[in-house]
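Side chains included, hydrogens not; waters and symmetry mates left out as well; all remaining heavy atoms used. Model, not experiment: these values are computed from the prediction.
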Amino acid sequence: MFLKPKLQDSFGQGEYGIYDKTSRYSWGPAADGRSEERWDGKQVPLSTYDNIGNYFETGVSFNESVSFQQSYDGTSVYASINRADDKGIVPSAKLNRTSITLRGTTEFGPEKRWKLDAKANYINNYVKNRPIQGINQSNAFRTIYELPRSIDIRELANSVDKYGQMIWWDTAQTPQENPYWIQDHRTNEDTRNRFIGSMALSYRITDWWSIELRGGTGYYSTSTEEKLYAGGNIRPKGNYSQGTESFYENNYSFLTTLQKDNLLSKLGGVLTFGGGNLMTQQRKNLK
């Protein structure tokens with residue numbers, strides 16, 4: 001992580017200078033190496049740990065792109081493909097994105113008064129294990145930041161006992177969930193495919209008067225899957241859900257432009273008039 005909150009390293013678990021292995025606070029006795037009983041009954045030296053650095057990882061982002069462009073006699077084409085791979089600071093969180101763009105423009109007809117401009121863009125997004133945010137027992141950031149300073153998060157990496165139950169130090173009411181358990185047993189995935197297309201056809205009636213027709217479309221579909229295994233604190237029996245969402249939108253418009261220089265001496269003018277945008281939308285959800 002680039003920036004981390006500064007936490008005190010002088011005191012261990014407890015309150016008012018008194019050690020308490022069930023406390024969620026870190027204002028117990030000085031963390032001077034004295035022997036105390038840990039949450040699991042083991043005697044260990046009272047020390048503080050860098051749980052933020054020990055749990056979170058270094059985020060990595062890779063981006064590669066290839067493009068092609070060619071122009072000849074009033075016609076130009078462009079194509080590109082881009083790939084992005086991101087690995088988050090939360091273990092097992094990642095994002096993959098692929099984007100393909102195609103565009104072509106051409107001028108044709110007598111005196112090349114006609115112009116056609118078309119563009120298409122396809123984007124595929126895949127995300128695995130988006131971090132849970134907000135005031136939530138499964139929010140790994142909140143859990144790690146609030147973890148008593150003398151508990152070593154690495155001791156909880158083995159997150160499931162022989163009965164399939166989550167292992168966690170806190171058994172009080174509304175305990176938070178083990179971040180290691182969450183990354184393997186509370187998973188989520190979502191995939192979105194998106195298409196954006198546009199086309200414009202214009203005609204230059206005179207040197208100062210032109211008209212343009214324009215149309216555009218946008219479509220995306222998203223599929224989601226969430227798995228919550230049994231044995232956790234929030235829903236001990238587990239949960240499973242799938243969902244799909246699709247949406248499309250079409251837009252149509254026209255524009256006419258009159259532009260003339262030197263109407264009055266060196267003064268010119270521009271007048272535009274456009275037709276109302278015609279839009280259609282449709283959305284579907286299934287969960």
Between E245 and R283, is there a side-chain N and carboxylate O pair less than 4.0 Å apart?
yes
Between R113 and I205 (side chain of the first, backbone of the second, donor and acceptor by atom type, cut-off under 3.5 Å), is there such a pair?
yes
Between N139 (side chain) and G134 (backbone), is there a donor-acceptor pair under 3.5 Å?
yes
Looking at Q176 and S138, would you say the former's side chain and the latter's main chain have a donor-acceptor pair under 3.5 Å?
no
Sole candidate of N239, N129, L228 that passes side-chain contact (heavy atoms from CB on, under 4.5 Å) when paired with R186:
L228
What do you reckon, is CZ of F62 surrounded by more than 12 foreign heavy atoms closer than 6.0 Å?
no
Whether Q13 side chain and K21 backbone form a donor-acceptor pair below 3.5 Å
yes
Parallel, tilted or perpendicular, judged at 30° and 60°: which one describes the rings of Y229 and H185?
perpendicular
Backbone N or O of L271 within a donor-acceptor pair of the T257 side chain at under 3.5 Å?
no
Does W27 reach the main-chain N or O of F11 with its side chain, forming a donor-acceptor pair under 3.5 Å?
no
Quick check: does any side chain N or O of N51 sit under 3.5 Å from a backbone N or O of I153, one acting as donor and the other as acceptor?
yes
Quick one: sort the W114 and Y203 rings into parallel, tilted or perpendicular, breaks at 30° and 60°.
tilted
Does N121 reach the main-chain N or O of G197 with its side chain, forming a donor-acceptor pair under 3.5 Å?
no
With rounding to the nearest 0.5 Å, note down the distance linking CH2 in W169 to CG in L147.
7.0 Å
For the residue pair R103 and Y78, would you count it as a cation-pi contact if the rule is NZ or CZ under 6.0 angstrom from the ring centre and within 45 degrees of the ring axis?
no
Please determine if K119 and D117 form a salt bridge, counting it only when a charged side-chain N lies under 4.0 Å from a carboxylate O.
no
Sub-6.0 Å ring centroid separation between Y248 and Y220
no
Counting distance only, does the side-chain N/O of S26 pair as donor-acceptor with the main-chain N or O of R149 below 3.5 Å?
yes
If you count the non-hydrogen atoms of other residues, nucleotides and ligands that lie under 6.0 Å from OH in Y25, is the total more than 12?
no
Check whether more than 12 heavy atoms from other residues, nucleotides or ligands sit under 6.0 Å from atom CZ of R38, and answer yes or no.
yes
